[in-house]
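Each remark here refers to the structure printed beneath this line.
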Amino acid sequence: MLRKLYIETVGCQMNVLDSEMVVASLRQRGYTLTGSLDDADTILFNTCSVREQSENKTYSALGRLRQWKLRHPEKVIGVMGCMAQKDQKLIFERAPYVDLVVGPGQLQQIPELIEQVRREGGQRMAISLGRRDGSTDEIRRSHESFDPLRDPSMRPTPFQAYLRIQIGCDKFCTYCVVPMTRGPEQGRPPDDILAEARTLADQGCLEITLLGQTVNSYRYREAERTTRLSDLLYRLHEIPQIRRLKFVTNYPKDMTDDLLRAVRELPKVSSYLHVPAQSGSNRILERMKRGYTIEDYREMMQRLREAVPNAAVSSDFIVGFCGETDAEYELTAELVKECRFKNSFIFKYSERAGTKAAERMEDDIPHEVKQWRNNDLLAIQNRISFEDNQKFIGQVVEVLVEGPSKTASRRESDGELLQLTGRTLCDRIVVFDGMPRLIGQILPVVIYDVSPHTMFGGVVMEQVEPAALLSL
Ligand code: SAH
Ligand code: SF4
Ligand code: F3S
């Protein structure tokens, strides 16, 4: 029987990849995708718990299905991902019409669980062990990875794919739920990663983004040999069809010289480095248990700038963490000015049940103060992004053309000419006019204008030598 799946994904790139894999496994069982709830017989929400807002989004989407499920009791509703692992039974309590709750470590069971619900009715829950509920090995095993199944239709574009090299996180920053929802840090075997990269290349991928919560902490030990992220990059670089390699997210303390050397030496490796600082104050960093001081972060930035002078560095910041004073916030603002990040993702601290911060510290910064700091930091960052983008005006950059821009409209008089969008090797967004056939190519584009987050350009169709011009 033909089944129709509706799937909604929130959260980080890990979730985008998990959704791709779940869709791939359901397609094997004859499912097709639909963008309409009314068409669907199976509805899945892939969820995120990193901030309260992410959870609220899912709970209100579920709320909207209450009446709908009364009218269609035969349709299956599933909640998967980090919120499933974190809230577990609470999801059934808040939304009793949900049929399935499946953690990120049990995604491979989804097709079977859906069938069970259809056959036998009732609710099903599959989740991993908590971080105190067994031996390290048992906990590890309960967070099974689910990687080989891929589905090209679920990728950001046909030429870009994510590839997980690591699951989980062992850093336990005091504000963060990820070590609980994704379990212990585990690196995947290098040979599996290489094999998957080759499959992706054969499917037409030009760009692979390696994923891990602290991707540069990746280590895989077999007998005498340890493979690091830098070793993986050298091996992946050999795959001829792969033109670009990226990796996110980096942990400042693990930004080692071997990795920086790989970024400098390997032309396919993006010189875009996302290395979240979180705060500019040592006292706050310590309360966050980030494991480094601001002096360590500065030293890392200096090594990074020396090794890869043209690198584009970006960061994450949490404003309004427990006890953050105005003066401590100012230190964060200073750090942003000093480091001149390409961009920063800025978040208002959101207390998460089960974390050390929630247990031991008071979420005492008023919402308005968090909002003010958020706006202020964003304004500082935007000014820097704008200034630094201006240096590109008149330059030619290499762009991987991803597709029509969000606002693209076909212009009658220009035939097929579209507004296209793509990214440079250092992750800057470039918008320009071009024919649809350019999508999926890597092209030279000359930049003629910029905004804080976008550069505007025109395709350089051919590099014409001045001598050739003269003889025309
Ligand atoms: N593993 C990545 C990021 C994980 S979550 C890393 O360590 O860099 C992405 C970002 O969300 C974090 O970098 C942090 O800035 C933010 N974040 C995490 N927990 C948060 C919380 N409780 N409140 C607000 N922001 C949070
Ligand atoms: Fe969360 Fe810290 Fe791990 Fe990142 S490093 S996932 S912020 S605990
Ligand atoms: Fe959210 Fe889980 Fe990613 S909490 S940020 S979806 S790892």
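Remember, it's 1-based here, ligands and their atoms both numbered in the order they're listed.
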Name the orientation class of the two ring planes belonging to Tyr292 and Tyr297 (parallel below 30°, tilted from 30 to 60°, perpendicular beyond 60°). tilted
Is it the case that His453 and Asn382 place a side-chain donor and acceptor less than 3.5 Å from each other? yes
Compute whether any side-chain donor of one residue and acceptor of the other, for Gln166 and Glu185, lie under 3.5 angstrom apart. yes
Show the atoms of ligand 1 that are less than 4.0 angstrom away from any heavy atom in [X].
X	value
Arg51	11 (O), 16 (C), 17 (N), 23 (N), 24 (C), 25 (N), 26 (C)
Lys348	23 (N), 24 (C)
Asp316	9 (C), 10 (C), 12 (C), 13 (O), 15 (O)

Proximal ligand 3 atoms for [X], defined as those under 4.0 Å from one of its heavy atoms:
X	result
Gln213	7 (S)
Cys48	1 (Fe), 4 (S), 5 (S), 6 (S)
Asn15	6 (S)

For ligand 3, is any non-hydrogen atom under 4.0 Å from Cys82's backbone (N, CA, C, O), its side chain (CB onward), both, or neither? side chain
Any atoms of ligand 2 less than 4.0 Å from a non-hydrogen atom of Tyr175? List them with their elements. 7 (S)
Look at [atom] and say which protein heavy atom is nearest, naming residue and atom and giving the distance to 0.1 Å.
atom	value
atom 2 (C) of ligand 1	Gln213 O, 3.4 Å
atom 4 (S) of ligand 3	Ser49 N, 3.3 Å
atom 23 (N) of ligand 1	Ser350 N, 3.0 Å

Answer yes or no for Val50: is there a heavy-atom contact with ligand 1 below 4.0 Å? yes
Tell me whether ligand 1 is touched by Lys370 - counting only heavy atoms on the residue side and a distance under 4.0 Å. no
Using the benzene-type ring in the case of Trp, are the ring centres of His274 and Phe247 under 6.0 Å apart? no
For residues [X] and [Y], determine if any side-chain heavy atom of one lies less than 4.5 Å from a side-chain heavy atom of the other.
X	Y	answer
Gln160	Leu400	yes
Pro156	Tyr162	yes
Arg164	Leu17	yes

So which atom in Gly81 and which in Thr47 form the shortest heavy-atom distance, rounded to 0.1 Å? C-OG1, 3.7 Å
Under-4.0 Å heavy-atom contact with ligand 1, by part of [X] that carries it:
X	answer
Ile318	side chain
Met14	neither
Phe347	side chain

Contact region, Cys169 to ligand 2, non-hydrogen atoms below 4.0 Å, reads side chain
Report the part of Thr214 (side chain from C-beta onward, or backbone N, CA, C, O) that has a heavy atom under 4.0 Å from ligand 2; answer both or neither where that applies. side chain
Arg290 touching ligand 2 at heavy-atom level, < 4.0 angstrom: yes
